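Heads up, the thing below is written out as structure tokens.
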2 protein chains.
Amino acid sequence: MSYSPPVKEMLFVMEELAGIASLCQLPGLADSNADTARAILDEGAKLAAEVIAPLNAAGDQHPSEWHDGEVTASPGFADAYRQYAEGGWQGVSHPAGFGGQELAKLIASPCIEMLNAANLSFALCPLLTDGAIEALLTAGSDELKARYLPKLIEGAWTGTMNLTEPQAGSDLALVRSRAERQDDGSYKVSGTKIFITWGEHDMAENIVHLVLARTPDAPEGVKGISLFLVPKFLVNEDGSLGARNDVQCVSIEHKLGIKASPTAVLQYGDKGGATGYLVGEENRGLEYMFIMMNAARFGVGLQGIAQSDAAYQKAVAYAQERIQSRPVDGSGTEAVAIIRHPDVRRMLGTMRAMTEGARALAYVAAAHADIAHHHDDADTRARHRAINEFLVPVVKGWSTEMAVDVTSLGVQVHGGMGFIEETGAAQFYRDARILSIYEGTTAIQANDLVGRKTMRDGGAAARALLKEIDDTLAALQSADAGDAARVFDAMHRRLADGRDALANVIAYVLESGKRDPRAVFGGGVLYLKLAGIVLSGWQMARALLVAQRKRAEDPQFFGAKIATAHCFSEYVLTQARGLETAIVSARGDDPLFALSEAQF
Amino acid sequence: MSYSPPVKEMLFVMEELAGIASLCQLPGLADSNADTARAILDEGAKLAAEVIAPLNAAGDQHPSEWHDGEVTASPGFADAYRQYAEGGWQGVSHPAGFGGQELAKLIASPCIEMLNAANLSFALCPLLTDGAIEALLTAGSDELKARYLPKLIEGAWTGTMNLTEPQAGSDLALVRSRAERQDDGSYKVSGTKIFITWGEHDMAENIVHLVLARTPDAPEGVKGISLFLVPKFLVNEDGSLGARNDVQCVSIEHKLGIKASPTAVLQYGDKGGATGYLVGEENRGLEYMFIMMNAARFGVGLQGIAQSDAAYQKAVAYAQERIQSRPVDGSGTEAVAIIRHPDVRRMLGTMRAMTEGARALAYVAAAHADIAHHHDDADTRARHRAINEFLVPVVKGWSTEMAVDVTSLGVQVHGGMGFIEETGAAQFYRDARILSIYEGTTAIQANDLVGRKTMRDGGAAARALLKEIDDTLAALQSADAGDAARVFDAMHRRLADGRDALANVIAYVLESGKRDPRAVFGGGVLYLKLAGIVLSGWQMARALLVAQRKRAEDPQFFGAKIATAHCFSEYVLTQARGLETAIVSARGDDPLFALSEAQF
């Protein structure tokens, strides 16, 4: 059993929930219609299932290897990367002017998901390249864009993001790397960067590092950080590769998971300084990085969905084959496939419901990004941008926290075999564990959600979403529920409850955020989870409405969607009230700071 | 930073919550007083911290190795095991008549916890030996006891439990191993057993396998399984070791965690049959195994607590050292230790609260086992046995599910460093993942809780516990809460809510278990988690009462206990109502079986 991309489900979400039909009306997105999407997803599915997925276990068993500054990718990876690049996959959503296909982010999203479900380690390389492309598009000079973007977009070169230093992880104010301006306008960059994903490898002819560093006269803290492009090989005027730059991979990490992806320690400037080029203006590096990170964080959210789906598929296959124990209801005397046992059902139903809910929310967020980018009306763009920016920390934080739980359930479904590495379930559990950490831990996402995304606009984006949930609640009540009346009723009750819990928490954050920041930020991750649960549940409610309406067209598919929505309402949305209580009861009475540091 | 056994906290639980003072009044437990306990825990702490814990990381990096049927334990393990045996640790709770110290299970429990916090792989070997000792004490003939128990209890030989076969895991009805009676009364045993923990190794001179197998004329299913003792080396009349028996270790597994503990595939009878000895009567093997498993399952619950505590200690040490970001409340302009950040507090507070709550519940369960074993009144014994048996699946299931969550939080506290294997946080996450699987998955524990422990006695044991919770609720209201009034109020509210949720679920299980078994068993794991949360919360409430009363005696310790109880009430007990809803709403309307198997 290997990964099989759920193209039909992806298209359902794109068409029925994320509104792809209206996206192709937008300027510049004429090709982003359902037919194009279907064709691209079918091709992407082939590549993911037939070329990339088969390398996943081998990459885990034979991690990338460091030797004397060079890194050799896991067996088969370089060839698979060549096929990925030749297929034009790196350019799906990037501008046609630099060689991309300029399709909607909504179409790129399932492509990214498939690749990450097939092989998380592999997919990280293109994901980081996307980040570098975004940064250059955002802030690069025309010259930098012309020289680097076509090669990155065609996949000939790959990109990296160099933020972290040993003393500076979540707190980039502590960055110490230096960059000194030279007479020719370039900079000499020096310093040590750690945790650089695909920071060195042999899959592409050049690597374009985007590096945060300080100029000598920069102010302290986050307002003194600039962004530099530092290529592994310098690039000549004519675009050919020149000298090896002064950046060395001094080691790679020994990690819990994603072992095929080299996580590099990069040393800049040991031989006098690496040649770098300023991206945008000095001291605005963090600002650019945040724009880029918005895209990267959304991508990591997709990784969570991807790993959850892969773990789910593997668990289903095992549960359908493994024979063990008689039915609990006494309906038979022989041992049956474990998928017939109630607790296995509960686990699989929960895994499926969480994955589908999170996927729908992520794709809807992608559609908001597309409108924010392409609509010709500035107010409309701004409105959708605000919604997208509210959703990004939720998609990142919730989909990845969920992935840790879902991949753990995947191990559990396998019983003892889940603990044996050859089975493969444990790899998802190990690989997925990084997702709630990198590109900003869940706490960092929660700080963003509380501070920048809720308090800064006075709750405007949050309230816009609550209003949309109200519309869905009304639709649940007025729809012809037919023989799904019980599911509609359950969903309405739980979603209304969840909506109320979320509204109360948003009000609490707005009211207490300034006055009692420790308590409010202490509940931030719980608020993020609550938002993830309620907003995903809302998508499942929307899916339920469509599925019931169209049920006769495809009873198998839509019947499954209705049952999955029911699992979501009963096993996931039921957690909402408890989260509200935990968050709000901290008010003025914070249990977190009663212990002195020495008492821990 | 290495593991430091929390002896003071352990003694607090033993004295104030589990009632050690009354245990030493029981026949045969005169030595099981607080002074003995303190002396033993201090010694055990030394061994665990100084000898066993330092081998934990090395054992992970250098797993036990198989070569040509022989298994070499990880570096240093054999010597540490020798010290363990020489210290008399294997015999702490076993009968004096066979060389043990015959101390209360309540005293053995913290010893087991320390060992398992120090090094889970190592501690599994004594844990399995305990299981073998229990089985022989339960059902072995006087001759078998005399020949094997002294060596097992002194730690000269180790024991194993051989249940699983490739086709028979949770479902032991499918066991196929055979045993044929010989003229001399012994049996020839043949078959393949898998997942045999410490099934082969070089730390002891002999290994005593307890093996489930069928005799030729045995009935089908679980009522045709017998239990056999099969030593690695036959034992002569005079107790000396004889010929090598016909049992071979054909391989060991490559696992996600507990890598130092060899998980063996054992092949019995390739050369004509391994010599085995019937334990007890034919066809009653599963019955004996269940008695033994009760002890082993309790032990695995302690492992969950142990790994949680070890992960917590490591996370605290990191959080106190790692400097990152300014305080969110603007109280400083410099980056501070991350333990000052609210979300890190929430994570550490949750880890600590769950661990302390689960520990208290487990030790209380151990005290019930002691009374059930030693009291001179039969009715009292029966009453405490029923409570203990109700608690065992909860302690096993809840402490281990909790350990998966707590060790994951431990990784999260470390941020990116948590994903790097050298840090050590990831080892706890990997090692702990087996705990909710082996010795019966959480679903198997839940089936036991629903069927044998709730429905069979009509809820009598469950109601007895609810009654005790009511007493604690009354005490919370009548106590002088002093300046902890808010904590008392919060705890009373949440515990009352949780008690009500648990009572509703117990009523639902009793009412619907027979009529709607799929729905009830489908909610079994959630019922187990609810019981774990409420019963642990109850212990935290009892601890709160003591801590407030004695606060002046030790403000540091008791103040921390009060704050930890508050974390439990707000972050853990708040989940109770959502679990109730998820369980009870399945009534007659089960979302789990709406999907056909093909729709998954």
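All values derive from a computational prediction rather than experimental measurement. So that the names make sense, note that chain A is the first sequence line, chain B the second, and so on, each numbered from 1.
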So which part of [X] gets closer than 4.5 Å to some heavy atom of chain A, the side chain, the backbone, both or neither?
X	answer
B:Leu172	neither
B:Ala598	both
B:Glu401	side chain
B:Tyr312	side chain
B:Gln320	side chain

What residue in [options] has the most heavy-atom pairs under 4.5 Å with chain B?
options	value
A:Arg326, A:Arg494, A:Met347	A:Arg494
A:Val316, A:Leu573, A:Asp329, A:Thr350	A:Asp329
A:His341, A:His414, A:Arg430, A:Gln575	A:Arg430
A:Ser596, A:Ala446, A:Ala560, A:Ala563	A:Ala560
A:Lys255, A:Gln427, A:Gln324	A:Gln324
A:His254, A:Arg322, A:Gln556	A:His254

Between [Y] and [X], is there a side-chain heavy-atom distance shorter than 4.5 Å?
X	Y	result
A:Arg345	B:Glu597	yes
B:Leu592	A:Tyr571	yes
B:Leu526	A:Arg346	yes
B:Phe419	A:Thr263	no
B:Ile420	A:Leu256	no
B:Leu595	A:Leu348	no

Between [options], which shows the greatest number of heavy-atom pairs under 4.5 Å with chain A?
options	result
B:Gly257, B:Gly451, B:Gly524	B:Gly257
B:Val411, B:Thr164, B:Asn447, B:Ile258	B:Val411
B:Cys567, B:Gly415, B:Gly330, B:Ser408	B:Ser408
B:Val344, B:Leu579, B:Asp171	B:Asp171

Which atoms of [X] are under 4.5 Å from chain B, going by heavy atoms: the side chain, the backbone, both sets, or neither?
X	result
A:Arg577	neither
A:Thr442	both
A:Ala565	neither
A:Gln167	backbone
A:Leu174	side chain
A:Ala443	both
A:Phe600	both
A:Gln61	neither

Gap between atom OG1 of A:Thr564 and atom CD of B:Gln599 - 0.5 Å precision: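 The OG1 atom of A:Thr564 is 8.0 Å from CD of B:Gln599, to the nearest 0.5 Å.
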
Mind checking the OG-CD1 spacing from B:Ser325 to A:Ile444? Nearest 0.5 Å is all I need.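 Taking OG in B:Ser325 and CD1 in A:Ile444, the distance rounds to 6.0 Å.
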
Can a cation-pi geometry be assigned to A:Arg433 and B:Tyr429, taking NZ or CZ under 6.0 Å from the six-membered ring centre and within 45° of the ring axis?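 Judged by the rule (NZ or CZ under 6.0 Å from the ring centre, within 45° of its axis), A:Arg433 counts as positioned above B:Tyr429.
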
Whether the side chain of A:Glu570 engages the backbone of B:Ile583 through a donor-acceptor N/O pair (distance < 3.5 Å, no angle test) should be reported.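 Pair absent, no side-chain N/O of A:Glu570 close to backbone of B:Ile583.
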
May I have the step-by-step check of side-chain hydrogen bond (donor to acceptor under 3.5 Å, both in side chains) for A:Thr441 and B:Gln412, ending in yes or no? CA-CA 8 Å; A:Thr441 64; B:Gln412 192 72 18; 4.8 Å; no

From CA spacing to verdict: side-chain contact (heavy atoms from CB on, under 4.5 Å), B:Thr574, A:Glu580: CA-CA 9 Å; B:Thr574 45; A:Glu580 178 200 348; over 6 Å; no

As a quick check of understanding, evaluate side-chain contact (heavy atoms from CB on, under 4.5 Å) for B:Val520 and A:Val328, giving each step before the final call. CA-CA 10 Å; B:Val520 171; A:Val328 289; over 6 Å; no

